[in-house]
There are 2 protein chains.
Amino acid sequence: MVKSTAPTLEDVARLAGVSTASISRALNEPDKVAATTRQKIEKAIDTLGYTPNFGGRALASSRTNTVGAVIPSMANAMFASGLQAFQEALAVDGVTLLVATTGFDSEQEFRQIKSLVGQGADGLMLIGNDRPDKTWDFIDKRRVAHVVSWCNVSREGQYFAGFDNARAAGDAAERAMTLGHRRIAVISGQTLSNDRAKARRDGVHAAVARFGDGARITHEVEAPYLIDDAAAAFDQIMAQAEKPTVVLCANDALAAGAMMRAREIGISLPDEMSFVGFDDVGLARVITPALTTVRVPQIEMGRAAAQFLLAKIGGETDLSSTTFETEFILRESLKPPLVP
Amino acid sequence: MVKSTAPTLEDVARLAGVSTASISRALNEPDKVAATTRQKIEKAIDTLGYTPNFGGRALASSRTNTVGAVIPSMANAMFASGLQAFQEALAVDGVTLLVATTGFDSEQEFRQIKSLVGQGADGLMLIGNDRPDKTWDFIDKRRVAHVVSWCNVSREGQYFAGFDNARAAGDAAERAMTLGHRRIAVISGQTLSNDRAKARRDGVHAAVARFGDGARITHEVEAPYLIDDAAAAFDQIMAQAEKPTVVLCANDALAAGAMMRAREIGISLPDEMSFVGFDDVGLARVITPALTTVRVPQIEMGRAAAQFLLAKIGGETDLSSTTFETEFILRESLKPPLVP
DNA sequence: GTGAAAGCGCTAACAA
DNA sequence: TTGTTAGCGCTTTCAC
């Protein structure tokens, strides 16, 4: 686009009868400019409809007031409200958000990170801590301020704002077992370069082993994060000799998909089969039976990640990671098994 | 952040033993560079981990390779997949996406638009065509390339990539009436500076009037775009003397919320009351009864908006608006009324 | 308190 | 095909 219409600092300077330096000061450190000149300047800015050129400013100050978020997908409600909170917290400080998605692919994540850094992002919010060395190398080499979220691990000297996936998933499994379930199926998310999915799966395994008393995993399937994949995963579970009484799912969308399939093949819910999701997105409450799930502290994480990043960009060094609590939400989809 | 570590074009030039211009060319018009030098350059870029500096590039070329999308909310699945498609189509051309949200508030939309333009966005994707004059004035004054979506109207000389809200909603109403429904309640979206909500409402009104045969709207409520508001709206509908046999909702989330409330107060679905949503987001298929709704061409719109914007930014003038088709999706939540 | 002037990293004529 | 060079709009010393 031809920005021929955009007035520059020089235009303002001419109109106000001062130097460009004064205007820059008036904009960035108003105290250092005399009140009278400041007024002249403000008037000139107003009549010209001037807005600072981003490129010029970025070039001269090497600050962009932009941070990037790289998330797996926008098409999933999972990250939406956290991202929203992240954006709102940034907006308070006049920082804008660049969003990029990876489609759960680490190559694409690398590309997106490079692109965002090239765009001048002052900082980066990343989901999870599991990515190839070359990606971390790039981040380290460029000294990109960053924070990881949705997990509670980070590399040496780096920080996270997240929660304990393993514990949350293990806790959910334990609740199911306490209600009497012993034959447990697991629909896991894709664990390849996805530490959250891995942690959730491992958390379930550990909880089952710890519980003992005959509790076991009848079958475990990995499914991408989509409703349709869940149906296939559920079919696979039901193709096993030993059928489960409860299905633990890596997220609510998978649970909803699996439940839909279960009903299609004539299983009555929740009596004949229990389901547990993860995330507590909006649909968990509205499906029937309402989905038992784990609430993820999305908003808290988004806000904390923003504040952390702003502080780090601002040069603060006294920072620390935060682990937020998840909450087990018991709804109708989880009932004691009819036959133990 | 201190970008002291970021290598510059000059660093690459020194290492590769060529001029900065050649590198710039290798990056932007690879065909114009000899294969051998291009290889040297690529190697140098790799070893240094070089990424072009955004500010410098923007300043020199007055192109940022950035476009902005201003949407009402990210926390609603409604816009998610369209935005995803938009982003993916942009990524093909190396353009990154800036996202800002308005919370359905036109003042905030204005602020966000100014911010994105200040950031140097080459173009803008906006939802709907209904906004205050001052917002349009700003866009016109700055000559911002833009496209509106989710609607099929635009200002003189401007373009849209959308669908016909009125016709789609009217069509859904007609289907309900054809099935025998005569007493119709409407849960509309907020119509204040929201032409999509207005059009959907008006489309229903027109269809009901056209149908005749005693068809009428028993009550109409406006509800914000949230599940919880739908419950209150439904209560209000049921507080009227004349009860409806079908409730037409401005979107799926409202429908899901209203259905949840209906079930709470002992109405059996879909026998005693039918529901129709709009958007066909993921939850429409998984709730019980599955929601009859209108599929919105999200992905098509997102992709078209991106291609349109890229073309416009690229200076093409032979452009035209596109209206995509919606599709009525009949599921279990709409049945003929028991008592006519 | 204010102005002059030197870049920031890149692109795009123009020359070679 | 490649190199030289003049800016793009802004911030930031350094004088005054």
Side-chain angles (χ1 to χ4, degrees), chain A residues 1-41 44-45 48-66 117-122 142, chain B residues 1-42 44-45 48-66 94 117-120 122 142 315:
Chain A
M1 191 189 53
V2 185
K3 281 276 180 59
S4 58
T5 42
T8 73
L9 250 202
E10 210 166 342
D11 297 329
V12 183
R14 207 161 22 229
L15 183 62
V18 297
S19 73
T20 60
S22 291
I23 296 169
S24 176
R25 270 183 228 115
L27 251 30
N28 301 310
E29 311 154 296
D31 311 337
K32 299 199 160 184
V33 178
T36 53
T37 46
R38 198 167 56 221
Q39 269 153 24
K40 272 192 296 185
I41 290 171
I45 287 178
L48 266 66
Y50 168 81
T51 358
N53 173 292
F54 179 71
R57 182 171 261 184
L59 203 49
S61 67
S62 63
R63 277 268 266 136
T64 59
N65 282 315
T66 288
V117 171
Q119 295 274 329
D122 293 327
R142 297 297 292 265
Chain B
M1 192 188 51
V2 185
K3 279 279 180 58
S4 57
T5 42
T8 73
L9 250 202
E10 210 166 341
D11 298 328
V12 183
R14 207 162 19 231
L15 183 62
V18 297
S19 74
T20 60
S22 290
I23 297 169
S24 176
R25 273 190 293 259
L27 251 30
N28 301 310
E29 311 153 296
D31 311 335
K32 300 199 161 185
V33 178
T36 54
T37 45
R38 199 167 55 220
Q39 268 153 24
K40 273 192 296 185
I41 291 172
E42 274 162 12
I45 286 179
L48 267 69
Y50 168 80
T51 359
N53 174 292
F54 173 75
R57 183 173 258 185
L59 204 48
S61 67
S62 63
R63 277 265 264 133
T64 59
N65 283 315
T66 288
V117 171
Q119 295 275 328
D122 292 327
R142 297 298 291 264

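Put simply, CZ on A/R38 is 14 Å from C1' on C/dT2, counting in whole angstrom units. The OH atom of A/Y50 sits 7 Å away from the C1' atom of D/dG9 (whole-angstrom rounding). One can place CG of B/L27 at 9 Å from P of C/dC10, the figure rounded to the nearest angstrom. Separating the NZ atom of A/K32 from the P atom of C/dG1 is a distance of 9 Å, rounded to the nearest angstrom. Atom CD1 of B/I23 is separated from atom P of C/dT11 by 10 Å (rounded to the nearest Å). Between A/I41 atom CD1 and D/dC10 atom P there is a gap of 13 Å when expressed in whole angstrom units. Regarding A/L48, its CG atom lies at a distance of 15 Å from the C1' atom of D/dG9, rounded to whole Å. The CD-P distance, from B/E29 to C/dC10, rounds to 16 Å in whole Å.
One distance of note links CG of B/N28 with OG of B/S61; it measures 8.0 Å at 0.5 Å rounding. Atoms OG1 and CD1, from B/T36 and B/I41 in turn, are 9.0 Å apart once rounded to the nearest 0.5 Å.
Between the side chains of A/T51 and B/R142, at least one donor N or O sits under 3.5 Å from an acceptor N or O.
Residue contacts shown for A/A21 include a base, since a base heavy atom lies under 4.0 Å away. Within 4.0 Å (heavy atoms only), B/S61 reaches sugar-phosphate atoms of the nucleic acid but no base atom.
Remark: B/T37 is in phosphate contact with D/dT2, judged by side-chain N or O atoms under 4.0 Å from OP1 or OP2. Within the structure, every side-chain polar atom (N or O) of B/N53 is placed at least 4.0 Å from both OP1 and OP2 of C/dC8. Neither OP1 nor OP2 of C/dG9 sits under 4.0 Å from any side-chain N or O of B/T8. For B/R57, no side-chain nitrogen or oxygen approaches OP1 or OP2 of C/dG9 to under 4.0 Å. Look at A/S19 and you won't find any side-chain N or O under 4.0 angstrom from OP1 or OP2 of C/dA4.
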Dump the intermediate steps for side chain to side chain contact (heavy atoms under 4.5 Å, CB included) on B/E42 and B/T37, then the final yes or no. CA-CA 9 Å; B/E42 274 162 12; B/T37 45; over 6 Å; no
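For the pair B/N53 and B/T8, the minimum side-chain heavy-atom distance is 4.5 Å or more. Residues B/T20 and B/V12 form no side-chain contact, since every pair of their non-hydrogen atoms from C-beta on lies 4.5 Å or further apart. The shortest distance between side-chain heavy atoms of A/L27 and A/Y50 falls below 4.5 Å. Between A/F54 and B/T64 the shortest side-chain heavy-atom distance does not fall below 4.5 Å.
Both B/A34 and B/A60 lie close to DNA chain D; mapped to their nearest nucleotides by heavy-atom distance, the more 5′-ward contact belongs to B/A34.
Among the nucleotides C/dT11, D/dT11, C/dT2, the one closest to the side chain of A/S22 is C/dT2. Out of D/dC10, C/dT11, D/dT11, the shortest distance to the side chain of B/L9 is found at C/dT11.
A/R25 contributes a side-chain N or O that forms a donor-acceptor pair with the base of C/dG3 under 3.5 Å.
Recorded end-axis angle for the helix from C/dG1-D/dC16 to C/dA16-D/dT1 stands at 30°, based on five pairs per end and rounded to 10 degrees.
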